Each structure stands twice: as structure tokens, then as C-alpha cells.
There are 2 protein chains.
Amino acid sequence: MKNTTITIKDLALEVGMSISTVSRALSNHHHISESTKAKVNEAAQKLGYRYNALAAALRNSKSNTIGLIVPRVSMFFHAAVITSIQNTLHKYGYNVIICQSNESPELEKEMLNLLHASRVEGIIVSCSIKTEDFSHFSDSVNDGVPVIFYDRVPSNHPSHKIKGDEYTGAYLATSHLIEQGCKNIAHIGGPLTSIQYKERFEGYKAALKKNSIPFIEEIVLFHELTNENALNSCEKLFNGAIVPDAIFASNDTTALAVIQFAKKRHIAIPDHLKVVGYSNDNRTEISNPTLTSVEQFPHEMGEQAANLMMDIIKQKIVPGRNFISLTTPVELIKRNSSSN
Amino acid sequence: MKNTTITIKDLALEVGMSISTVSRALSNHHHISESTKAKVNEAAQKLGYRYNALAAALRNSKSNTIGLIVPRVSMFFHAAVITSIQNTLHKYGYNVIICQSNESPELEKEMLNLLHASRVEGIIVSCSIKTEDFSHFSDSVNDGVPVIFYDRVPSNHPSHKIKGDEYTGAYLATSHLIEQGCKNIAHIGGPLTSIQYKERFEGYKAALKKNSIPFIEEIVLFHELTNENALNSCEKLFNGAIVPDAIFASNDTTALAVIQFAKKRHIAIPDHLKVVGYSNDNRTEISNPTLTSVEQFPHEMGEQAANLMMDIIKQKIVPGRNFISLTTPVELIKRNSSSN
DNA sequence: TTAAAACTTGCAATCGTTTGCGCATTAATG
DNA sequence: CATTAATGCGCAAACGATTGCAAGTTTTAA
């Protein structure tokens, strides 16, 4: 194990040239002769030289790095987006530092500061579900570091945003259930503090209205969308005065819980109960019955986020004071939980 | 948007003290009076100072960062490990740079160099399935950067390794099938170039032998474990001379494909065919029937990897020339695909 | 009153690269 | 042969933080 790290200074010594020449040779500068470049590269190879990106970033005030904050990488949707962002940015020669907020606003803020300390040139964020104060993100922008939100975007905070067409997704899902002849379509949504759940709720209501189906408050429930919460909601719904003949759930975990509940209660799906989820995660085609769900195209969302970031950083887009909002399409994937 | 970034120099100017005092005040040095610290921190707050970790890392030759290379973050198992590694390292004040090799040995090597350029203090890797040359990882170690492999570990390359008890996992799975009365237990494994698939194969054979059940070569197949490949293998198996009454698959995707195939062919599971998978991913309890699988405890594996790295870096462990190999336990999770 | 001790603070070098400017060498031109 | 242009290379100053050593100030004790 060496304890000496090789620098361009060592290379300069080795080839008997100045530091500047070595630096230029390594970066393939056009003022340097081919023979010199060859010599320098050979020496670099020989001595096991490794480029120090830290030093370069310091000198250039440019890190070629983008920061990423997500609630949890283990969520299928986010994992897909991350993969896509990273692969896209890699093409531009940019690296990514990925952080997890674990759905904690405090950790989210800490991670943001961490990314600043690493002098990232831009930050892409999907917020924790509990984040309500976004002022620290404004600080980032004021410091010249662009911030792009995706999926979990703030509702009342001016910023670049990329989100799915939640309204349409919910509208399509609900309309589909109506087409199947359902009258009492329940909705289990996430906290309405989150704009996406709000929009899905709006889409749900719009579809009902459009088809002149009365909105029934008793069969609409909101809470964090965990398996346990969903099972509780099912209890409530099926012990209530109005028994639903369909449930539109705002995520797949919840929809799968509904299926689980129906099995236990021997409620036939889709005959007596139809179910639609949201996100089209990798469990939807495995479940029994397979789950109808709304595809969000995480791959494209990631690509868009990465490309937008590059456009902003490379000043192709000079937004000034106005912010860009992109909406990615959705698609209803019909499976056996909603029709035969 | 400011175009000036605030440095400790600016703070020094603001409070009328030297740069060194400001630096020490910020890092809470005990030689600095409380009143000075307060003044400096106040100024930092006021001017919006942000610590430059790059400069510090350069000066200290210490980045407080660990690099991570995984095939793909969107694989359930890896996502879980990553989350765990990141949360554990965060407690030590360490950051993580996550890279994806996309199962490409070339990209893997590129990412390794990238991590070195960022002067990570250690590297945790789960190899691409195609990686056969590990010499560049030796270079890392020679440069003083410890490397820990997990899950996808090299078989013939001296290094720190953390892997599941594959042999036992397969042994348990196969034994369980035998207990259920199966005689013709097929095995669909991954490429034997990968040590983990090899060990699972060994465990499978050992269980057969132990129970005096003949090993039948015709019902053992190896290939990359994708859904399509698995369906092809099912075709082969069920058109062959010896029809299996059970299949032990080396991952869950394959096992789920078997279930899919059986449904199409109207083969009753578990009555006429029993199936066991590997990894216990989040689809296993959703499928119909639910899938018996081997749990690998990714959370613990991540914790172990992170803790081992910290021990090595902080020299609690001075391995010298010998390498550490850890084996994490496995557990067979019995579900409906293998028994009633 | 004075010296020693205790407490604060500052100087300046350093980490590894990059790059504007200037100098030297060679080739091309009149 | 003299002048200009082109080419190839080196000097030295940044980038922002840390830290050993030295020095200044205040407090305490004799």
C-alpha cells in the first residue's frame, strides 16, 4: 500500500517538464505537442496517477456534480427515476450525489446543506411527505444553485417543477370505474397537504361530476398510505352505511391492501368490488387479481429532470424570475382488478 | 441571486479577526473564547456562509465520503442495502456517493475511477454480473482505499467480502421441498461464473444427497435470471422426459415466472408443482399463490458493510494482508407456493 | 511591581489543479 | 539575413480551508 499519492507535480518531475505543461497535456490542450502528451500520459500510467477532482473543483469553482434528495431509494418509483437521472447526467459528464431524507424534513434540510458543502451545481428534489417549509430551498436558489422539484413538488412555492398529470390520472381511473358500471366509488387518498394527492382527489371528483354521479363524503378517506392504514380504512368503508362497489386508491400499496382485505372478507374482485391503484409498480402484474393502475413513466420523468437541469446550468434556458413547470403524461393500465 | 460566494475570509473581514480565528471558531476549537465564537457564527448566519467541504477535503486529504457501486438501484435488494448503508454511515458523519454500473463492467470501472477522483476514503461494491476482471479493485486497495464487496463478491480475488449464506439458503429451500414429498426437484440457477449461484447450486445438491435423492442433470438449468429466460426454461422442463414436481429458482423473478407459466398451463401450485424463490422481495407476498422464498436481510448486510468500512478506516481493524469475510444469515420464509 | 501562567489570536504554508501571460524556439516570409 | 508568426512551454497566482508555531494580552501569584 502506497502512502504517497501521485500528483501532476510528480509527473512533471518524472518527464522533466513544468506542472502547467503536464496539466495541459492531461487535459488534451491544443497548444501541447502530441509527443509531449504521449510522454505525460505514459508517465501517468506508470506512476498510477489519479486525477484529483476535488482540487480541480476548488480551483474552477465547478464540481460537475448534481445533488439528489429523495425520500427513500427503496421506493420503486424513486429508484426508477434515480436510475434515469443518473444515466442521463452521466452523458453530460456530470456526477450525482444521492441523499435520502427518510421522509424527515430535518434530515432533508441537513442533506441540502451537505450538498451545498460539496458545491453541487444543481439540486433535484422529491420532498419528504411532511415538508411544509421550503424556505431553505429558496436559499439554495439565491446562492445560485438551481433547484428542480419532481413528483413531490411544493404547491405554493415558486420553483421549477416536474410532475405527473395527477388530475388526468385520477380522472381516467375514476372514469374507467364508472364505465364498468360502478356507482359507489370510494377514494382512499394521501394527505391533502401534498399537492399530488389533492390533484388526484380533484380528478376523482371531476370524473364523478362529469358522469353525474353524486359525490359521497363518507366513502372518501385520507391518510398516510401505508398497508395498515389502508386495512383500517377498508374496515370503515365496509362497515359503513354505504358499501362501495369500487375503490380508487392513491397508491398501489393501498390498492393491494384493499385486495388483501377483500380476500379475507370473501368479496369477489372485480365482480363485487373493483379496484384501481396508482404508480403501476412492479407488484401490480403479480397480484391476484392483477391490479389496474396509473403508470407515471418514472424513466421519462428522470430524463426530463436531468435534461432541464443541464439546460439551466448550461444557460440554454435563462429563466430569470420565472419558473418552469413540466407535466409528464400518465396512462391507465387496465388489469383484472377492475374488469373481466 | 448573489454571484459572490462567502468564504471565511469574508467572515474574518466582517468580524475584524483573522482567518485562522474564524476557522477555529467555526469548528468549535477550545482555544477560542465563547464570545468570539458567537460573533463569528452570527456573522456566518448573517452573510449566508456555506462551508466548503471541497477545500477542506483538499487541505486535509480527507473527504469523509464513501463510494458505492451497485448494478442498479432499482433492484429491491440493492435499494434496501443502500438505504441501510447510507443511514449507518451518516451516523459516523460520512457521506455516500452512489454509482450504478448498469451491469456493465466497463461502466463499473469508469465509476471506480470517478470515485477515486472524488477521493473517497473507501469503496463498497456489488459487482456487475459480468465482471470477471477485478484487478482495478486491487489498484484501489494499493492506493490505500479499502474495498468491501457485498452480495456479488468475486470468488477468486482476495478482498473483504460480505455475503449471504447462499449454501444454507439453497439447502433449506431444497430440504423444504423434499419434506413436502417432492422427488423431481428442478433447479433454475444463474450463471455459475457468479459465486453466489454456484453456492446455491451446491446447497441444492447437498440437500438432495443428504436425502438420497438422485441428482438429475436434465432438470437443472443455468442462465441470466430474467423473466423471458425463465419462461423458456419452463417450456424445456415441462416438455422434457422428466417432469419436475418442484422448482427451486435462484431468484424471485424466475420463481414468479414459473408461477406465471404454471397458470397458463393449468398446473396447480402447490398441488402438482411446488416453487421456491430467492431474495424474498416485495412481490413474494403479493403473488398468487404467495411465494416461498429465502430472506437475505439486506438491511443487516448494509449495516455490516458500513460498520466494517468504518472499522477499517478508523483503524480499529488493521487487516494487514488478510481479508475479512462475513457471512450474513438467511431464513426460509414459507408461503403457499410450496405447501398448503 | 514584576514574572509566570493562562488564555486568545494571527502568520503563513499547505493541499492539487488550472490558466493568463510572457518567453523562447523554430519555421515562414520578404 | 532580418522580421514576423506560430508553436511549445514555464511562472506564479489563484481556489477556500486548516494548523503548527509564535506572539500578544490579560490574569494571577509572589
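Every chain is numbered from 1 and lettered A, B, ... according to where its sequence line falls, protein lines coming before strand lines. Keep in mind that this is a model prediction, so the values were computed, not measured.
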Next on the checklist: Of the options C:dT19, C:dT17, D:dA17, whose atoms approach the side-chain atoms of A:A56 most closely?
Outcome noted: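 The nucleotide sitting nearest to the side chain is C:dT17.
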Checklist entry - Taking the side chain of B:Y51 as its heavy atoms from C-beta onward, which of D:dA17, D:dC15, C:dT17 lies nearest to it? => result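 For B:Y51, the side-chain atoms sit closest to D:dA17.
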For nucleotides 9-12 of chain C, tabulate all protein N/O to nucleotide N/O atom pairs closer than 3.5 Å, reporting atom names and distance.
{"residue": "C:dT9", "atom": "OP1", "partner": "B:T36", "partner atom": "OG1", "Å": "3.0"}
{"residue": "C:dT9", "atom": "OP2", "partner": "B:S33", "partner atom": "OG", "Å": "3.4"}
{"residue": "C:dT9", "atom": "OP2", "partner": "B:T36", "partner atom": "OG1", "Å": "2.9"}
{"residue": "C:dG10", "atom": "OP1", "partner": "B:S18", "partner atom": "N", "Å": "3.2"}
{"residue": "C:dG10", "atom": "OP2", "partner": "B:S18", "partner atom": "N", "Å": "2.6"}
{"residue": "C:dG10", "atom": "OP2", "partner": "B:S18", "partner atom": "OG", "Å": "2.8"}
{"residue": "C:dG10", "atom": "OP2", "partner": "B:T21", "partner atom": "OG1", "Å": "2.4"}
{"residue": "C:dG10", "atom": "O5'", "partner": "B:S18", "partner atom": "OG", "Å": "3.3"}
{"residue": "C:dG10", "atom": "O6", "partner": "B:R24", "partner atom": "NH2", "Å": "2.5"}
{"residue": "C:dC11", "atom": "N4", "partner": "B:S20", "partner atom": "OG", "Å": "3.0"}

Round to a whole Å and report the spacing from [atom1] of [X] to [atom2] of [N].
X: A:K39; N: D:dC9; atom1: NZ; atom2: C1'; answer: 12 Å
X: A:K9; N: C:dA13; atom1: NZ; atom2: P; answer: 14 Å
X: A:N52; N: C:dG16; atom1: CG; atom2: P; answer: 7 Å
X: A:R50; N: C:dT17; atom1: CZ; atom2: C1'; answer: 18 Å
X: B:L54; N: D:dA17; atom1: CG; atom2: P; answer: 11 Å

Checklist entry - Donor-acceptor pair, A:D133 side chain versus A:S135 backbone, under 3.5 Å? => result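 Yes: the side chain of A:D133 pairs with the backbone of A:S135.
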Checklist entry - Which residues pass the side chain to side chain contact (heavy atoms under 4.5 Å, CB included) test with A:R72, sequence neighbours left out? => result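 Residues passing side chain to side chain contact (heavy atoms under 4.5 Å, CB included) with A:R72: A:S74, A:M75, A:Q100, A:N102, A:E103.
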Item to check | Side-chain N,O (B:T7) to OP1/OP2 (D:dC15) below 4.0 Å | outcome: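 Looking at the OP1 and OP2 atoms of D:dC15, neither is under 4.0 Å from any side-chain N or O of B:T7.
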Checklist entry - With sequence neighbours excluded, what pairs up with A:H157 under the ring pair (Phe, Tyr, Trp, His ring centres under 6.0 Å) test? => result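 Ring pair (Phe, Tyr, Trp, His ring centres under 6.0 Å) check on A:H157 returns A:F134.
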Item to check | Pair B:N95-A:L114, side-chain contact (heavy atoms from CB on, under 4.5 Å): steps then yes or no | outcome: CA-CA 9 Å; B:N95 302 121; A:L114 232 62; 2.6 Å; yes
Next on the checklist: Does A:R119 reach a base, just sugar-phosphate, or nothing at all? Heavy atoms under 4.0 Å.
Outcome noted: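 Result for A:R119 = nothing.
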Checklist entry - So what does A:S23 hit on the nucleic acid, given a heavy-atom distance under 4.0 Å: a base, only sugar-phosphate, or nothing? => result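 The residue A:S23 makes base contact.
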Item to check | Residue met sooner reading DNA chain C from 5', once A:I8 and B:E34 are mapped to nucleotides | outcome: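 In this pair, the answer is B:E34.
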Next on the checklist: Between B:Q304 and B:Y150, does the side chain to side chain donor-acceptor pair (under 3.5 Å) criterion hold? Intermediate values first, please.
Outcome noted: CA-CA 10 Å; B:Q304 286 209 21; B:Y150 79 84; over 6 Å; no
Next on the checklist: Out of the candidates B:H78, B:K163, B:M301, only one should pair with B:S126 under the side-chain contact (heavy atoms from CB on, under 4.5 Å) rule; please name it.
Outcome noted: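 When B:H78, B:K163, B:M301 are each tested with B:S126, the side-chain contact (heavy atoms from CB on, under 4.5 Å) holds only for B:H78.
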